[in-house]
J.: 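One structure, pasted below without further comment.
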Amino acid sequence: PPLYKQRYQFIKDLVGKYKPKKVADLGCADCTLLWMLKSCSCIEVLAGLDICASVMKEKMHRLSPLPADYLKPSERSLTVTLHHGSVAQKDPCMLGFDLVTCIELIEHLEEPELKKFPEVVFGFMAPSIVVISTPNSEFNSLLPGVMLFRHPDHKFEWNQVQFQSWALETARHYGYSVEFTGVGHPPTGMENVGFCTQIGVFLRKYPQTSESTQSEKPTQAVYKTVFKAVY
Ligand code: SAM
C-alpha cells in the first residue's frame, strides 16, 4: 500500500492497542485519517485541526452521520469536530485528549511555529500519547526525482539523528518517554538508512493531576469551529 495509507494504518493499529476515547489529529488536511478512525468503536470524541480551512472543508461531509447511523444508533456516542487554527497556538478545546496525532505536520512548520509546537502539544494539551511522523531525509537518495525536499512546502527534512535528538529532548522536558519506529522499509542490505517515514511514539510518564488539566489552564479560545457532527 502507498506510504500515506501505511501511516494511517499505523495510527489505527495504535488506537486498537491503547483504546483512546478522545483523539485529536493536528494538521488533519482533508480529514482522511479522522474519517478512517470514525469506525473505531473505542473513540467517543474526534477532533481535527488545520491552518488551512479550505482543505479541511473539501471532504468534511464524509464525517457526517449517514442514514444508517440514525437507523441503527450504536451504544457509544461520537462527536466529531473540526477546528481552524494553528498548532502554534493554545486553545482550551484541545484539552483532555488521550491521543494526539501529528502526521507529516512538523516539516511544514516555520521555525517560530516549530519552537512553540512542543509547549502547545506536550505542555498544554498533554495527552497520554502523542504520535509524530516526518520524512527521514536519509531515505531521499532512494526516492526517484527527489532533489532537495520531497515536497516544496517542506521547511526542513530531518535525518534520524536530527529527529531523534529533537524528540528525546522534547520528551525529557515534558515528562514523556519516546520510542522510534516508522513505515516504508529500506531495501535489504540498506537497513541503516532507516524507514522512509520516521515515527516517534511519545507516552506521558505520569498521570495527569486534576490541577494540571482544564481548571489550571485558563486560555482564550482562538480556534474557529468549522464543523461539528454528533452521532
Ligand atoms: N496529516 C495529513 C496526512 O498525513 O495526510 C496531512 C499532512 S499535510 C502534508 C500537512 C498539513 O498541515 C496541511 O494540511 C497544512 O495545512 C497543515 N498545517 C501546516 N501548518 C500548520 C499549523 N501551523 N497548524 C495546523 N496545521 C498546519
Side-chain angles (χ1 to χ4, degrees), residues 1-15 23-38 46-60 62-63 80-95 97 99-125 127 129-137 139-140 143 146 148-158 163 166 170 181-184 195-202 219 221-227:
L3 212 55
Y4 77 93
K5 284 194 179 159
Q6 293 184 49
R7 289 192 285 261
Y8 297 158
Q9 191 56 49
F10 178 87
I11 300 297
K12 261 202 117 168
D13 293 345
L14 206 79
V15 166
V23 180
D25 186 30
L26 310 184
C28 63
D30 69 0
C31 308
T32 304
L33 177 60
L34 292 170
W35 174 75
M36 281 180 66
L37 294 178
K38 216 161 60 83
L46 268 178
L49 173 72
D50 206 286
I51 202 163
C52 178
S54 56
V55 69
M56 253 193 312
K57 288 176 181 172
E58 265 172 34
K59 300 177 185 168
M60 72 179 179
R62 291 187 296 175
L63 299 173
V80 186
T81 317
L82 297 180
H83 305 278
H84 177 216
S86 171
V87 290
Q89 286 193 299
K90 299 174 183 176
D91 186 296
C93 73
M94 285 293 160
L95 291 173
F97 282 83
L99 168 64
V100 169
T101 55
C102 311
I103 307 303
E104 307 297 274
L105 166 69
I106 60 170
E107 68 276 8
H108 293 267
L109 302 179
E110 300 279 4
E111 200 164 323
E113 298 177 297
L114 183 68
K115 280 236 155 61
K116 290 178 188 148
F117 173 85
E119 175 54 27
V120 175
V121 174
F122 295 91
F124 177 73
M125 298 175 69
I129 311 169
V130 179
V131 181
I132 297 180
S133 87
T134 195
N136 166 17
S137 64
F139 205 98
N140 287 357
L143 300 172
V146 170
L148 179 59
F149 294 147
R150 294 184 200 176
H151 192 279
D153 189 51
H154 288 179
K155 308 302 185 291
F156 60 87
E157 287 179 359
W158 279 338
F163 176 56
W166 176 85
T170 302
T181 178
V183 293
F195 292 100
C196 190
T197 298
Q198 38 187 350
I199 300 176
V201 179
F202 301 75
T219 329
V222 288
Y223 301 164
K224 188 169 173 279
T225 303
V226 294
F227 174 91

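All of these numbers come straight from a predicted model, not from anything done at the bench. As the structure lists them, so they are numbered: ligands from 1, and atoms in each ligand from 1.
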J.: Just wondering, are more than 12 heavy atoms of other shown residues or ligands nearer than 6.0 Å to NZ in K12?
T.: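 Atom NZ in K12 is crowded, with more than 12 foreign heavy atoms closer than 6.0 Å.
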J.: Can you name the atoms of ligand 1, numbered from 1 with element, that are less than 4.0 Å from a heavy atom of L109?
T.: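 By the 4.0 Å cutoff, the relevant atoms are 20 (N), 21 (C), 22 (C), 23 (N).
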J.: Going by the closest heavy atom to atom 9 (C) of ligand 1, which one wins out of Q89, E107, H108, K155?
T.: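 When every heavy atom of Q89, E107, H108, K155 is considered, H108 comes closest to atom 9 (C) of ligand 1.
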J.: Could you check whether atom NZ of K155 has more than 12 heavy atoms from other residues, nucleotides or ligands sitting under 6.0 Å from it?
T.: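 Yes - once you tally the heavy atoms of other residues, nucleotides and ligands closer than 6.0 Å, there are more than 12.
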J.: Report the relative orientation of the aromatic rings in W166 and F163; use parallel for angles under 30°, tilted for 30 to 60°, perpendicular for over 60°.
T.: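 Ring orientation, 0 to 90° scale: parallel.
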J.: Would you say the side chain of P135 lies within less than 4.5 Å of the side chain of E107, judging by non-hydrogen atoms?
T.: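 Yes, their side chains come closer than 4.5 Å.
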J.: Purely on distance, is any nitrogen or oxygen of D25 under 3.5 Å from one on ligand 1?
T.: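 No; every N/O pair is 3.5 Å or more apart.
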J.: Would you say that L114 contacts F156 through its side chain, given a criterion of any heavy-atom pair below 4.5 Å between the two side chains?
T.: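 Answer yes - side chains close enough.
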J.: Students often mix this up, so state it plainly: with edges at 30° and 60°, are the rings of H83 and Y223 parallel, tilted or perpendicular?
T.: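 The rings of H83 and Y223 sit tilted, inter-plane angle from 30° to 60°.
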J.: Once the angle between the rings of F149 and H154 is folded into 0 to 90°, is it parallel (under 30°), tilted (30 to 60°) or perpendicular (over 60°)?
T.: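 Because their plane-to-plane angle lies in the 30° to 60° range, the rings of F149 and H154 count as tilted.
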J.: Just distances here: any N/O of V87 and N/O of ligand 1 closer than 3.5 Å?
T.: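 Yes, V87 has an N/O under 3.5 Å of an N/O on ligand 1.
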J.: Name the closest protein heavy atom to atom 12 (O) of ligand 1, giving the residue it belongs to and the distance to 0.1 Å.
T.: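 Of the protein heavy atoms, L105 CD1, 3.5 Å lies nearest.
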J.: Note the single closest protein heavy atom to atom 8 (S) of ligand 1, along with its residue, its atom name and the distance in Å.
T.: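 Checked against all protein heavy atoms, atom 8 (S) of ligand 1 sits closest to E104 O, 3.9 Å.
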J.: Applying a strict 4.0 Å limit to heavy atoms, is G85 in contact with ligand 1?
T.: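 It does, in that a heavy atom of G85 comes within the 4.0 Å cut-off of ligand 1.
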J.: Using the ring centroid of each side chain, check whether F139 and F195 are separated by less than 6.0 Å.
T.: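 Not under 6.0 Å, so no.
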J.: For atom 14 (O) of ligand 1, grab the closest protein heavy atom and report residue, atom and distance to one decimal in Å.
T.: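 The answer is D50 OD2, 2.8 Å.
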J.: Ignoring hydrogens and angles, state whether a donor on the side chain of S137 or R150 is under 3.5 Å from an acceptor on the partner side chain.
T.: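 Short answer, no.
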J.: Quick one: does L46's side chain get under 4.5 Å of T81's, heavy atoms only?
T.: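 With C-beta onward as the side chain, the pair stays apart.
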J.: Would you say ligand 1 has an N or O under 3.5 Å from any N or O of E113?
T.: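 Yes, at least one N or O pair falls under 3.5 Å.
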J.: For atom 19 (C) of ligand 1, find the nearest protein heavy atom and state the residue, atom name and distance (0.1 Å precision).
T.: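 Here the closest protein heavy atom is I51 CG2, 3.8 Å.
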J.: For ligand 1, which atoms have a heavy atom of C52 less than 4.0 angstrom away?
T.: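 What qualifies from ligand 1 is 16 (O).
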J.: Can you tell me which residue and heavy atom of the protein come closest to atom 3 (C) of ligand 1, and the distance to 0.1 Å?
T.: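 The protein heavy atom lying closest is Y8 OH, 3.3 Å.
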J.: For ligand 1, which atoms have a heavy atom of A29 less than 4.0 angstrom away?
T.: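 Taking each heavy atom of A29 in turn, ligand 1 has 6 (C), 14 (O) under 4.0 Å.
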J.: Any N or O of I103 that comes nearer than 3.5 Å to an N or O of ligand 1?
T.: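 N/O-N/O distance below 3.5 Å exists for this pair.
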J.: Any N or O on G27 sitting closer than 3.5 Å to an N or O of ligand 1?
T.: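 Among all N and O atoms of G27, at least one is under 3.5 Å from an N or O of ligand 1.
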